[in-house]
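Working notes, structure below.
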There are 2 protein chains.
Amino acid sequence: MRKNFSRKRQTIYAALCSTRSHPSAEMIYTALKPENPDLSLATVYRNLRDFCADGTAVSLGVINGHERFDADTSPHSHFVCRGCGRVYDIEEAYPQQRMQELGERYAYSFETCEIVFTGMCQECLGGENKIQH
Amino acid sequence: MRKNFSRKRQTIYAALCSTRSHPSAEMIYTALKPENPDLSLATVYRNLRDFCADGTAVSLGVINGHERFDADTSPHSHFVCRGCGRVYDIEEAYPQQRMQELGERYAYSFETCEIVFTGMCQECLGGENKIQH
DNA sequence: TATAAAAATGATAATTTTTATTATTTTTAT
DNA sequence: ATAAAAATAATAAAAATTATCATTTTTATA
């Protein structure tokens with residue numbers, strides 16, 4: 001794991017670790033701002049980028065217009081609900097062996113694989129599809 | 001397939017069909033502009049969005065800051081080269097049966113699945129890693 | 001074919017997300 | 001304690017996409 005230097009960086013990393021909501025920069029900023037009035041949005045963006053650059057966290061890419069992040073770097077997939085917009089973990093990753101086969105078939109070097117499912121989550125299937133960002 | 005109403009829409013759709021580069025709106029605009037000087041970038045954006053809305057095309061999501069599109073709506077995956085940025089087709093989709101199993105396990109309604117691999121393509125592995133957007 | 005209504009477009013302004021800049025503050029090393 | 005290095009806050013700037021609206025094109029119909 002990364003050496004967390006500054007106080008702010010630790011706070012941001014802790015916030016990312018504390019949730020499974022795969023937050024965006026703004027979601028983290030909004031969550032932390034009340035207790036950290038001297039936090040800047042740019043600092044959140046910068047640290048999230050740094051986390052991804054050194055492998056401390058991963059980016060799920062842009063989902064509904066916002067880049068989403070995950071402190072869980074273990075191999076797993078994601079589900080985006082088109083009802084509420086939430087991003088859920090799916091405990092299944094692309095089979096490593098099959099990726100190796102693809103590498104041979106295409107003569108590319110396959111490094112990462114990100115699987116994103118979409119659909120409706122249990123809650124939204126239930127009834128009231130309250131939009132939530 | 002969609003009824004292509006206007007001349008411009010047909011031109012944009014033909015351009016999207018003519019390539020396997022999974023172009024962005026700007027790539028299509030740049031390709032068409034010389035022979036269609038009266039084409040507007042906004043029209044390209046609007047039509048691509050319409051194509052995705054009615055299933056004529058699919059969006060691959062934002063890749064390196066640009067939303068990329070594909071006229072091939074059949075189930076397959078994609079490979080993004082981190083050397084040149086090109087997006088390649090991978091002729092393999094997520095097994096339908098496994099998606100059904102996931103649906104039962106999570107009690108979500110799984111509708112779509114997009115798999116994006118990253119790595120280095122054959123050409124970039126070869127030697128000169130000329131950046132290409 | 002002529003023509004009126006509807007739809008689509010071009011040009012550009014506006015919006016939105018993310019990044020860059022820079023003076024200041026915090027942290028680290030001594 | 002203090003100087004150098006690193007990180008931050010505030011905000012300007014950049015970049016991609018969407019909205020607006022007057023004009024043009026297309027469609028439907030007489």
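Lettering of chains follows the sequences in order, A, B, ..., and the numbering in each one begins at 1.
- Rounding to the nearest 0.5 Å gives a distance of 12.5 Å between OH of Tyr45(B) and CD1 of Ile12(B).
- Residue Lys8(A) has a polar side-chain atom (N or O) positioned under 4.0 Å from OP1 or OP2 of dA9(D).
- When distances are taken from the side chain of His66(B) to each of dA16(D), dT27(C), dT9(C), the shortest belongs to dA16(D).
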I'd like a table of donor-acceptor pairs (distance under 3.5 Å, sequence neighbours excluded) in which one partner is a side-chain atom from residues 107-119 of chain B, with atom names and distances.
{"residue": "Glu111(B)", "atom": "OE1", "partner": "Arg82(A)", "partner atom": "NE", "Å": "2.8"}
{"residue": "Glu111(B)", "atom": "OE2", "partner": "Arg82(A)", "partner atom": "NE", "Å": "3.4"}
{"residue": "Glu111(B)", "atom": "OE2", "partner": "Arg82(A)", "partner atom": "NH2", "Å": "2.9"}
{"residue": "Thr112(B)", "atom": "OG1", "partner": "Thr118(A)", "partner atom": "OG1", "Å": "2.3"}
{"residue": "Glu114(B)", "atom": "OE2", "partner": "His78(B)", "partner atom": "ND1", "Å": "3.4"}
{"residue": "Thr118(B)", "atom": "OG1", "partner": "Thr112(A)", "partner atom": "OG1", "Å": "2.3"}

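- Atom CZ of Phe69(A) is separated from atom P of dT17(C) by 13 Å (rounded to the nearest Å).
- Picking from dA8(C), dA7(D), dT8(D) the nucleotide with the shortest atom distance to the side chain of Phe5(B) gives dA8(C).
- Counting to the nearest Å, the P atom of dT15(C) and the CG atom of Asn64(A) are 21 Å from each other.
- Take Arg46(A) and apply the side chain to side chain donor-acceptor pair (under 3.5 Å) test, not counting sequence neighbours, and it matches Thr43(A).
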Using atom names, set out every protein N or O paired with an N or O of nucleotides 18-22 of chain D below 3.5 Å, distance rounded to 0.1 Å.
{"residue": "dA19(D)", "atom": "OP2", "partner": "Arg49(B)", "partner atom": "NH2", "Å": "3.3"}

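- For dA9(D), the OP1/OP2 oxygens have a side-chain nitrogen or oxygen of Thr43(A) closer than 4.0 Å.
- Scored by the side chain to side chain donor-acceptor pair (under 3.5 Å) test, Asp72(A) finds Ser74(A) as partners (sequence neighbours excluded).
- Around atom CD of Glu91(B), no more than 12 heavy atoms belonging to other residues, nucleotides or ligands sit under 6.0 Å away.
- Rounded to whole Å, the distance from CD on Gln10(A) to C1' on dT26(C) is 13 Å.
- Applying the salt bridge (Lys or Arg N to Asp or Glu O under 4.0 Å) test to every pair with at least one member in residues 27-45 of chain A, sequence neighbours left out, gives these pairs: Lys8(A)-Asp38(A).
- Nearest-nucleotide assignment on DNA chain D puts the 5′-proximal partner with Pro37(A), out of Ser24(B) and Pro37(A).
- Here the C1' atom of nucleotide dT17(D) and the CZ atom of Phe51(B) are 17 Å apart, to the nearest Å.
- Rounded to a whole Å, the CG atom of Asp50(B) is 11 Å from the C1' atom of dA7(C).
- Between the OH atom of Tyr13(B) and the C1' atom of dT9(C) there is a distance of 21 Å, given to the nearest Å.
- When the side chain to side chain donor-acceptor pair (under 3.5 Å) test is applied to Thr19(B), the partners found at least two apart in sequence or on another chain are Ser21(B).
- Distance from the side chain of Arg7(A) is smallest to dT27(C) among dT27(C), dA10(D), dT17(C).
- Connectivity analysis of hydrophobic side chains (ILVMFWY, heavy atoms under 4.5 Å, direct or indirect) links Val62(B) to Val62(A).
- Listed pair Ser6(B) / dT9(C) meets the phosphate criterion, a side-chain N or O lying under 4.0 Å from OP1 or OP2.
- When the side chain to side chain donor-acceptor pair (under 3.5 Å) test is applied to Ser59(A), the partners found at least two apart in sequence or on another chain are Glu67(A).
- Comparing atom distances between the Leu39(A) side chain and each of dT9(C), dA9(D), dT27(C) picks out dA9(D) as nearest.
- Within a 6.0 Å sphere centred on CZ of Arg7(A), other residues, nucleotides and ligands contribute 12 heavy atoms or fewer.
- Between Asp38(A) atom CG and dT8(D) atom C1' the separation is 9 Å, expressed in whole Å.
- In DNA chain C, the stems built from three or more successive Watson-Crick or G-U pairs (distances below 3.5 Å) are C:1-30 with D:1-30.
- To the nearest angstrom, P of dT17(D) lies 15 Å from CG of Asn47(B).
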